[in-house]
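The structure appears below as structure tokens.
Whatever order the structure lists them in is the order used to number ligands and atoms, beginning at 1. For clarity, every value in this text was computed on a predicted model and none was experimentally measured. We number each residue from 1, following the sequence as shown.
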Amino acid sequence: MAGSKSGEQPGKINSRLENLRNLAPAERLGRVIEATSLGDTERAAFSPGTLPLELANGMIENVIGTFELPVGVATNFTVNGRDYLIPMAVEEPSVVAAASYMARIVRKCGGFQTSSSAPIMRAQVQVLGVTDVHGARARVLRERDAILEAANAKDKVLISLGGGCRDVEVHVFEDTPVGPMMAVHLIVDVRDAMGANTVNTMAETVAPLIEKITGGEVRLRILSNYADLRIARAMVRVTPEALKTDEYSGERIARGIVEACAFAIVDPYRAATHNKGIMNGIDPVVVATGNDWRAIEAGAHVWASRSGRYTSLTNWEIDGKGNLVGTIEMPMALGLVGGATKTHPAARAALKILGVQSAQELAEVTVAVGLAQNMGALRALATEGIQKGHMALHARNIAIVAGATGDEIEKVAAALAADHDVRVDRAKEVLEKLRS
Ligand SMILES: CC(C)(COP(=O)([O-])OP(=O)([O-])OC[C@H]1O[C@@H](n2cnc3c(N)ncnc32)[C@H](O)[C@@H]1OP(=O)([O-])[O-])[C@@H](O)C(=O)NCCC(=O)NCCSC(=O)C[C@@](C)(O)CC(=O)[O-]
Ligand SMILES: NC(=O)C1=CN([C@@H]2O[C@H](COP(=O)(O)OP(=O)(O)OC[C@H]3O[C@@H](n4cnc5c(N)ncnc54)[C@H](OP(=O)(O)O)[C@@H]3O)[C@@H](O)[C@H]2O)C=CC1
């Protein structure tokens, strides 16, 4: 089978890969490759040791080797009427299972609906030593066109793609520990890049002009990771019928999720954990696609604090017909080009599996995964508790720590889960018995 061409429109796929969990990893990969009509390049990209040392050595400094994480595929996702398989690089058990489970419920109710703003980033140019900061602000805004022209003079590729610096903002700080300060913001459409390098270059380019206009001294010239102009949103509407289990009615589960979210809305101690659960879904997609997860984390948490109090990134409510409605809205500065997206073979393959055509589409799918992950955690927390499902899957890790190998891993894990006693010392006992 040949590898797919980049830029090719992805065909429709079916993300409902039943029974995937029961296959061996190589068989699972085969089904994913088959479902996405990809080829040998993508198949090879997920083999252990797939990042050649030479490539790794070109990515960061003082390289001594590579560090691997498992990549799983979350199934069942339907976003805006299209199915997606979601590659997730993560070390934590039950994350991929929970996302797939919630996506299975949501697909019965029409899937995730998403939207996003344009891929707009901000670069900040810090100006010191200006006494008439308000006057200097007026002068900068008057010279807006000259600043845009200077910013756009360098990156011809970005301009040819329809991106570029669009606007200038000036933020004034009359009183800081070092006196009056200004931050001139370049508002830049970065198209399909995450955009950090792009906007940093622009900020450095315009700095002398800003000094001339303001009469001050420029210090920092760097993007803001608070990407508040680059927002992705997702929504789900789930019927009680789709939510119900043998133990709990759909109404009870929906109410439990809403109550759990209310806790995170009012209490920052809970909000930190609630949002960590959302990032359980988002970060693995960011990592798998070679994007900058520190940037995404930084943007997420400052957005969660934008009212002055740290709160939930999601909202869960019940509509007039008794359906559970979940929404998420947050900054999502992801790229299809730049960073490691094109250097890391597995990141390239992950983007192919996703089949996204723009950075905006990637951002929307990623927040949909975050919403699913939050729904999964809240559903478990508000009903049977997190330990039942999570610890049953974590039991495999514990079995490995206790020394189990091969078939022993599943056997020891099953015994631990059945006893609801997932501890290393217990795993060692079970293993000893198994081997005797
Ligand atoms: C773990 C489950 C899904 C089990 O739940 P279950 O009811 O035992 O699942 P099931 O066996 O009935 O399967 C239902 C579906 O789940 C998926 N699924 C189920 N098992 C697997 C598996 N092994 N491998 C792959 N997929 C799996 C799969 O899609 C499956 O459907 P199928 O496709 O088979 O028809 C459930 O208990 C759950 O969702 N728990 C929540 C887990 C979770 O949120 N983990 C995150 C880590 S905890 C944390 O860090 C965050 C937290 C909790 O603190 C955040 C917060 O506080 O808000
Ligand atoms: N605070 C932070 O978050 C910081 C992050 N970083 C790092 O910066 C990296 C991301 O920077 P980024 O600017 O995205 O990366 P790159 O500079 O590698 O890529 C962006 C460039 O790619 C070219 N390009 C080609 N096709 C497209 C397209 N379709 N859309 C947009 N641009 C295109 C553009 O022009 P051209 O070809 O002319 O280059 C553009 O300037 C990440 O590795 C991140 O970790 C760096 C500094 C700070």
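Judged by distance alone, the side chains of S224 and Q124 never bring a donor and an acceptor atom under 3.5 Å apart. Inspection of the N76 and R16 side chains reveals an N or O donor paired with an N or O acceptor under 3.5 Å. Under 3.5 Å, the side chains of T78 and D83 contain a donor-acceptor pair of N or O atoms.
Each of D155, V157, L158, L161, V190, R191, D192, A193, M194, G195, A196, N197, T198, N200, L223, N225, D292, A295, V337, G338, G339 has a non-hydrogen atom positioned under 4.0 Å from some atom of ligand 2.
E27 is linked by a side-chain contact (heavy atoms from CB on, under 4.5 Å) to L23, A24, counting only residues two or more places apart in sequence or in another chain. Legend: residues meeting side-chain contact (heavy atoms from CB on, under 4.5 Å) with P345, ordered by chain and number and at least two apart, are A45, L51, P52, L55, R348.
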List, pair by pair, the atoms of ligand 1 and of the protein that are both N or O and lie under 3.5 Å apart, giving the separation rounded to 0.1 Å.
from, atom 1, to, atom 2, distance (Å)
ligand 1, 11 (O), R21, NH1, 3.2
ligand 1, 11 (O), R21, NH2, 3.1
ligand 1, 13 (O), R21, NH1, 3.3
ligand 1, 20 (N), R21, NH2, 3.3
ligand 1, 31 (O), R104, NH1, 2.8
ligand 1, 33 (O), R16, NH1, 3.0
ligand 1, 34 (O), R21, NH1, 3.1
ligand 1, 35 (O), R16, NH2, 2.9
ligand 1, 35 (O), R104, NH1, 2.7
ligand 1, 45 (N), S94, OG, 2.7
ligand 1, 50 (O), E92, OE2, 2.9
ligand 1, 50 (O), K276, NZ, 2.8
ligand 1, 50 (O), N280, ND2, 3.1
ligand 1, 57 (O), R270, NH1, 2.9
ligand 1, 57 (O), R270, NH2, 3.3
ligand 1, 58 (O), R270, NH2, 2.7

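Looking at I187 and V168, their side chains never come closer than 4.5 Å, going by heavy atoms from C-beta outward.
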Practice problem: Would you sort out whether S100 and R21 count as a side chain to side chain donor-acceptor pair (under 3.5 Å), showing the intermediate values? | Solution: CA-CA 11 Å; S100 304; R21 64 203 273 186; over 6 Å; no
Exercise. Check the pair N22, N19 against side chain to side chain donor-acceptor pair (under 3.5 Å), reporting the backbone distance first and the verdict last.
Key: CA-CA 6 Å; N22 298 322; N19 212 26; 2.5 Å; yes
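A salt bridge links D228 with R122: the distance from a Lys NZ or Arg NE/NH1/NH2 to an Asp or Glu carboxylate oxygen falls below 4.0 Å.
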